[in-house]
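Worksheet for the structure shown next.
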Amino acid sequence: MALLFVLSGCSPAAAPKRETLRVILIPADGGTEDGTKADYQPIFGAVSRMTGLDFDIKVGQSYAAVVEALCSNGADIAFVGPVTYIQARDRGCADLLAVGVEKQQSIYHSGIFTRAGSPIRTIADLKGKRVAFGDVNSTSSFIYPMAMIVDAGLDPVRDLGAIRMTGSHADSLAALVHGQADAAALSFDSFEKAVGEHAVDPATIRVIAKSPPIPYPPLIMNARLAPGLKARLRDAFARVDKAPGVTPDMIRGYGGKKIDRYDTAFAPEQFNVAGAVMAKLDDGLKEAILKKASER
């Protein structure tokens with residue numbers, strides 16, 4: 001018995017279990033889980049090697065589902081749009097983690113697009129036309145384009161011929177390409193990704209309107225995470241572009257686009273500009289828009 005005791009005491013200690021953080025992403029790539037996960041696996045793989053943390057990456061079914069996952073403690077990290085971040089932040093669920101930087105800027109743009117041969121030239125020309133939008137909580141495929149329509153003096157419920165809520169940027173663009181809509185709202189990043197994947201010929205599409213700069217879609221953290229873990233994550237994302245073994249191709253942002261680095265010192269208040277645009281669409285207007293969209 002003594003010998004067994006000694007031998008058992010000499011057995012090597014089990015390796016410490018690695019901590020796994022749950023990551024949830026908005027369905028930015030047409031709602032396809034594999035495509036959206038592929039956009040962010042390189043950067044999380046690099047951070048994993050730096051920190052010893054593991055990341056279990058999943059894709060939400062909608063923008064609202066991502067907020068709920070964070071606020072119900074079902075996720076630790078999320079990739080979201082600016083408005084989605086504001087929604088989670090205002091519920092006390094989210095702290096800013098990092099924002100992508102490209103050419104020394106952390107911005108992107110929303111747009112309204114039509115086919116090259118369309119008579120539609122301006123937002124005013126959308127009167128009586130069919131327009132495709134993405135998710136109702138999407139900054140660049142709904143909030144900003146709808147606000148641009150309102151700012152142009154159109155009542156989206158009364159003046160648009162039909163509203164199609166497709167759920168994603170890619171599906172809105174597809175609706176336009178296949179003649180199911182006369183115009184489509186989506187981000188320029190999503191349009192450029194579709195062009196790069198040969199899903200659309202850019203010569204067949206024309207831009208009707210381009211939004212002002214929007215704060216770049218951020219990575220956010222569950223507010224309940226321990227302060228030490230938050231600091232560890234921020235440090236890793238701040239240095240990941242210079243980490244050993246990390247190539248520029250691994251530093252990816254929204255839509256899988258290569259970016260220069262991540263900024264973890266980006267001030268949360270810079271997202272308030274998106275909140276001001278969001279405020280132009282009150283709950284009553286959004287409800288009326290969704291009701292119109294449900295009509296066939």
Side-chain angles (χ1 to χ4, degrees), residues 28 63 81-84 86 107-195 200-217 254-255 273-296:
Y63 289 59
V83 165
T84 317
I86 292 168
I107 60 171
Y108 75 129
H109 293 85
S110 168
I112 303 176
F113 301 78
T114 191
R115 291 184 294 279
S118 168
I120 301 171
R121 296 284 174 179
T122 67
I123 292 178
D125 296 332
L126 293 175
K127 191 169 184 177
K129 300 298 191 293
R130 303 167 299 164
V131 186
F133 299 88
D135 188 290
V136 70
N137 292 303
S138 168
T139 305
S140 53
S141 70
F142 181 82
I143 300 294
Y144 267 74
M146 197 61 81
M148 287 193 287
I149 289 170
V150 171
D151 287 345
L154 295 184
D155 179 329
V157 178
R158 183 188 66 234
D159 294 330
L160 296 184
I163 295 173
R164 287 203 60 197
M165 299 299 299
T166 70
S168 75
H169 300 254
D171 288 343
S172 291
L173 181 58
L176 174 63
V177 169
H178 295 299
Q180 298 163 347
D182 302 306
L186 59 147
S187 73
F188 275 80
D189 289 63
S190 295
F191 177 70
E192 290 164 8
K193 182 175 185 179
V195 170
V200 62
D201 179 355
T204 66
I205 303 296
R206 187 174 69 246
V207 178
I208 300 170
K210 185 176 183 178
S211 76
I214 310 170
Y216 197 79
Y254 175 43
V273 63
V277 174
M278 179 176 66
K280 295 180 180 182
L281 309 177
D282 61 34
D283 290 342
L285 177 57
K286 286 167 68 172
E287 183 178 345
I289 288 169
L290 292 176
K291 181 179 179 181
K292 181 180 179 73
S294 69
E295 298 170 354
R296 288 288 183 265

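Small disclaimer: the values here were computed from a predicted structure and weren't measured.
Within a 6.0 Å radius of CD in Glu287, other residues, nucleotides and ligands contribute 12 heavy atoms or fewer. Atom NZ of Lys129 sits in a crowded spot, with more than 12 heavy atoms from other residues, nucleotides or ligands closer than 6.0 Å. The number of heavy-atom neighbours closer than 6.0 Å to CG of Asp283, taken from other residues, nucleotides and ligands shown, is 12 or below.
Ile205 has its side chain out of reach of Val195: every pair of non-hydrogen atoms, C-beta onward, lies at least 4.5 Å apart. A heavy-atom distance below 4.5 Å is found between the side chains of Ile289 and Phe142. For the pair Val131/Asp182, no side-chain contact is recorded, criterion being any heavy-atom separation below 4.5 Å from C-beta on. Phe191 places a side-chain heavy atom less than 4.5 Å from the side chain of Val200. Between Leu186 and Pro145, every side-chain heavy-atom pair lies at or beyond the 4.5 Å cut-off. Side-chain contact between Pro156 and Val150: present, with at least one pair of heavy atoms (C-beta onward) separated by less than 4.5 Å. Contact check for Val136 versus Leu290: side-chain heavy atoms found under the 4.5 Å cut-off. Contact annotation: the side chain of Arg130 never approaches that of Arg164 to less than 4.5 Å [non-hydrogen atoms, C-beta and beyond].
A side-chain donor-acceptor contact under 3.5 Å links Arg115 to the backbone of Leu176. Remark: the backbone N or O of Lys291 is paired with a side-chain donor or acceptor of Ser294 at under 3.5 angstrom. Thr166 places a side-chain N or O within 3.5 Å of a backbone atom of Phe133 that can act as its donor or acceptor partner.
Looking at every heavy atom in both residues, Leu285 comes nearest to Asp282 through N-OD1, 2.7 Å. Annotation for Ile143 and Leu281: closest pair O-CD1, 3.7 Å, computed over non-hydrogen atoms. The minimum heavy-atom distance between Thr139 and Thr84, with the atom names listed, is OG1-N, 4.5 Å. Contact record, Lys280 with Ala147: CD-CB, 4.2 Å, taken as the closest heavy-atom pair. Smallest separation of non-hydrogen atoms from Ser172 and Ala185: CB-O, 3.9 Å. Scanning all heavy atoms of the two residues, the minimum distance from Ser211 to Met148 falls at CA-SD, 3.7 Å.
For Phe188 and Phe113, the gap between ring centers is short of 6.0 Å.
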Discussion item. Under the criterion ring pair (Phe, Tyr, Trp, His ring centres under 6.0 Å), I'd like the reasoning laid out for Tyr108 against Tyr144: C-alpha separation, chi angles, the key distance, then a yes or no.
Written reply: CA-CA 12 Å; Tyr108 75 129; Tyr144 267 74; 8.0 Å; no
Worksheet item: Is there a side-chain contact (heavy atoms from CB on, under 4.5 Å) between Ile149 and Ile112 once you walk through the steps?
Response: CA-CA 10 Å; Ile149 289 170; Ile112 303 176; 4.1 Å; yes
Practice prompt. Any chance you could lay out the side-chain contact (heavy atoms from CB on, under 4.5 Å) test for Lys286 and Met146, step after step, and finish with the verdict?
Written response: CA-CA 10 Å; Lys286 286 167 68 172; Met146 197 61 81; over 6 Å; no
Discussion item. Ile208 vs Arg121, test: side-chain contact (heavy atoms from CB on, under 4.5 Å). Steps then yes/no.
Written reply: CA-CA 6 Å; Ile208 300 170; Arg121 296 284 174 179; over 6 Å; no
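The distance from atom CG of Leu173 to atom NZ of Lys193, rounded to the nearest 0.5 Å, is 12.5 Å. The distance from atom NZ of Lys127 to atom CG of Leu154, rounded to the nearest 0.5 Å, is 7.5 Å. How far CD1 of Ile107 is from NE2 of His109: 4.5 Å, rounded to the nearest 0.5 Å. The structure places CG of Asp159 at 12.5 Å from CD1 of Ile123, a figure rounded to the nearest 0.5 Å. Going from atom CG of Asp125 over to atom OG of Ser118 covers 8.0 Å, rounded to the nearest 0.5 Å. The NZ atom of Lys292 sits 6.5 Å away from the CG atom of Leu160 when rounded to the nearest 0.5 Å.
Ring-plane geometry between Tyr254 and His169 is classed as perpendicular, the angle between the planes exceeding 60 degrees on a 0 to 90 degree scale with a lower cut at 30.
Counted by atom type alone, Ser110 and Ser187 present zero donor-acceptor pairs between their side chains at under 3.5 Å. Looking only at atom types and distance, the side chain of Asp171 has a donor-acceptor partner in the side chain of Ser168 under 3.5 Å away.
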